[in-house]
Amino acid sequence: MSRDQIVEHFKFAAELGIAGVSRDPAWHTRVDPRPAASSSAQAVPDTGATADALSVRTLPETPADSAASVVLARNPAEALAALRADIGPQCMRCKLATLGRRQVVFGEGNPAADLMFVGEGPGADEDEQGVPFIGRAGQLLTKIIEAIQLTRADVYIANVVKCRPPQNRNPEPDEIATCEPFLFQQIEIIRPKVVVALGKFAAQTLLATLDPISRLRGRVFDYRSGAKLVPTFHPAFLLRNPSSKREVWEDMKLVQKLLANS
Ligand code: URA
């Protein structure tokens, strides 16, 4: 898709007030009638099985504005900056804002990365420094990235929820539903060739499924705009279960192949 087509896509979305996608059943009342190539709201596993279709809905609080600023951006870096500004430094859209988070952790890396990693949500270190994946799990992720001859500066790293859940609890469905449109927009802007979903929450959110990560990993899914999606185990899980590093290494070799063939 050319830059002009992307601009058209965002303009169209802004005009409709479309902000993102969700697996919330309430969204299924208006299924996007456009072909997958233009709205790209489907994730389909290569295995031939069909993942849950997503539907499109209007999000009153965020988005037309957000889509409009993104449209005006001249390049992915500007578009990400516009999106970050739209979220705002003190986002109050969900209850995580009032449960002790210090700051929004937007994401970091190469705005035009071929490879993007998506985690669950910031932990204590990330909340303090405003940067994703810099604690113990983050240091392991850095090693995983370096194991495929890349650096953190080559890739883009973001999370499903941008604010730290208290006591590092799991993000709740309403928090994910509120924040996921921003992740989807980050992916639309960056247009990576491969997205690695780190753990259950990233994989389930991006694939709009409730399947467990154990069933999702080891497979490659077609994602929006021609990207491939590779679910793998979360680095925090690997810290507790080091023997699973072998499977993650298999997944990373697959990622290398996908990048080489794209
Ligand atoms: N775990 C995540 O999922 N994301 C982070 O940014 C840090 C730890």
Side-chain angles (χ1 to χ4, degrees), residues 80 83-84 87 89 91 93-97 99-111 113 115-147 150-187 190 192 194-207 209-210 212-214 216-217 229-242 244-245 247-248 251-252 255:
L80 287 174
L83 180 60
R84 186 195 284 259
I87 294 174
C91 177
R93 292 175 182 84
C94 88
K95 64 183 183 301
L96 290 178
L99 295 177
R101 72 102 210 264
R102 288 190 200 186
Q103 57 185 311
V104 173
V105 180
F106 178 73
E108 84 157 7
N110 177 357
L115 176 59
M116 179 163 175
F117 290 86
V118 177
E120 178 180 320
D125 297 309
E126 292 78 17
D127 182 52
E128 195 167 314
Q129 298 197 35
V131 179
F133 279 102
I134 45 149
R136 275 188 74 220
Q139 285 158 27
L140 181 53
L141 177 62
T142 303
K143 284 189 192 151
I144 292 170
I145 293 167
E146 288 168 355
L150 293 171
T151 67
R152 281 179 69 113
D154 293 320
V155 306
Y156 197 90
I157 305 174
N159 282 305
V160 172
V161 296
K162 312 281 188 241
C163 293
R164 182 192 181 196
Q167 282 80 49
N168 295 341
R169 68 150 166 76
N170 292 336
E172 294 179 351
D174 59 312
E175 296 157 1
I176 294 175
T178 303
C179 214
E180 66 183 10
F182 299 118
L183 172 64
F184 298 147
Q185 286 184 71
Q186 285 174 304
I187 298 173
I190 297 163
V194 179
V195 179
V196 176
L198 298 166
K200 161 182 159 166
F201 288 96
Q204 291 186 342
T205 299
L206 293 172
L207 293 170
T209 178
L210 292 175
I213 186 68
S214 54
L216 297 171
R217 88 142 282 286
L229 189 140
V230 177
T232 194
F233 295 131
H234 193 286
F237 173 81
L238 295 183
L239 290 174
R240 298 189 302 273
N241 302 276
S244 295
K245 285 183 185 169
E247 280 111 303
V248 173
D251 298 337
M252 290 305 113
V255 166

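Note that ligands are numbered from 1 as they come in the structure, with each ligand's atoms numbered from 1 the same way.
- Taking the ring centroids of F117 and H234, they lie at or beyond the 6.0 Å cut-off.
- Shown in contact with P132 at under 4.0 Å from a heavy atom are these atoms of ligand 1, numbered in order with element: 6 (O).
- Atom 4 (N) of ligand 1 has as its closest protein heavy atom N159 OD1, 2.8 Å.
- Each of the atoms 3 (O) of ligand 1 lies under 4.0 Å from some heavy atom of G119.
- Distances shorter than 4.0 angstrom do not occur between any heavy atom of A236 and any atom of ligand 1.
- Side chain of Q204 to main chain of L210: a donor-acceptor pair is present (N/O by atom type, distance under 3.5 Å, no hydrogens or angles).
- Residue H234 approaches ligand 1 through these ligand atoms, each under 4.0 Å from one of its heavy atoms: 1 (N), 2 (C), 3 (O).
- Side chain to side chain, K162 and Q186 meet the donor-acceptor criterion of an N or O pair below 3.5 Å.
- Proximity of a side-chain donor or acceptor of D127 to a complementary backbone N or O of R102 within less than 3.5 Å is detected.
- When all heavy atoms of K95 and L99 are compared, the closest pair comes out as O-CG, 3.2 Å.
- With no hydrogens or angles considered, no side-chain donor-acceptor pair links N241 and S244 at under 3.5 Å.
- The ligand atoms of ligand 1 that sit less than 4.0 angstrom from a heavy atom of E120 are 2 (C), 3 (O).
- Distances between N or O atoms of G121 and those of ligand 1 include at least one value under 3.5 Å.
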